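Numbers here are sequence positions counted from 1. Atoms within each ligand, like the ligands themselves, are counted from 1 in listed order. Source: prediction; values computed, not measured.
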Amino acid sequence: MVRSHFPLPFEMKKILKYFKSSPKYSIKWSNYFEIYANILNKYINKKVTLVEIGVGNGGSLFMWKKFLGKKANIIGVELNPEAKKLEKYGFKIFTGDQSDPTFWKSFYKKIKKVDILIDDGGHTNLQQITSLMESFNHINNNGIIIVEDTHTSYMNYKGFKNPSKNSFINFSTNIIENIHRRNPMLKKKMNQISDKVYSIEYYDSIVVINIKNKNLNYSKNLQNNKKLETSFIDYRFKRVDVKNYKKNKNKFINVIKSKVSKKGYLQKIYEDYQIKKYLKKIKN
Ligand SMILES: C[S@@+](CC[C@H](N)C(=O)[O-])C[C@H]1O[C@@H](n2cnc3c(N)ncnc32)[C@H](O)[C@@H]1O
């Protein structure tokens, strides 16, 4: 599932054109179109099911249909029952609350599997997290979940109550950890996420979760030819000890001051200090 991250100007122009010419009103951030073009390109003219949470006036439903082609099945999920009116244009609309797990259970009883799930609903932490957690088991192999407007993870108005430890973005860092569980070095238990989420991508205000539930390539340690191994020292593991600290005291004195424990390593303390500096930089 390797995808080019170079902009696809032709597809981007196309989807932007379909957005502008949609017969119904729609609202999207301008940087999204390059992302859509890149990630939805592979589904064009395929028999896929796209579900968009948050239908609004319906403008984006027309855009997806035009972009993906006639074979695509476009479904909307919307709290406002008025959206049902859009069914006359060939879309299937489900009325329901994306933060209600029972809604999703009954939804997936009817719509068994989805290829593309786009969350453009209410954008609160609970809505985004519930929709993701109730859906990822129902996404087809090579399918995707696109969560829009994730800048709300940093917004403290319009009821978003962020930044907080329960923001969607903070929640998504658990997915990152789960993906890394596949590496045997960590000796961690697999769970549904580590078994299904191939990768996660972060963009300005969009998070994309790539699902791969077949032939997920579990990592194994590969060596090309054991006979070629020499006594080469891997310098990553060559630590400077406290003795060397005394020699290098002047160099690092400002860095570590009195923090060196008898057992500790200068290298470790130096690294911690550097990382702390970077953390400070990115937090400010
Ligand atoms: C920004 S609009 C969607 C716009 C549309 N996707 C477009 O691009 O044109 C957000 C929609 O989400 C709906 N919504 C808000 N909270 C929801 C919830 N809990 N469940 C389902 N839909 C919700 C709102 O009623 C509104 O129509």
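For the residue pair T152/D149, the side-chain donor-acceptor check at 3.5 Å is not satisfied. Side-chain atoms of S99 and D97 include a donor-acceptor pair closer than 3.5 Å.
Shown here are the side chain to side chain contact (heavy atoms under 4.5 Å, CB included) partners of K28, two or more places apart in sequence or in another chain: F19, S26, Y32, F33, Y36, E52, S60, M63, W64, D120, E148.
Among protein residues, S26, I27, K28, E52, G54, V55, G56, S60, E78, L79, G96, D97, Q98, D120, G121, G122, Q127 come within 4.0 Å of ligand 1, judged on heavy atoms.
Aromatic pair F62/Y18: centroids not less than 6.0 angstrom apart.
Under a cutoff of 6.0 Å and an axis angle of 45°, K92 and F94 form a cation-pi pair.
For K113, the NZ atom sits in a packed shell: over 12 heavy atoms of surrounding residues, nucleotides or ligands are nearer than 6.0 Å.
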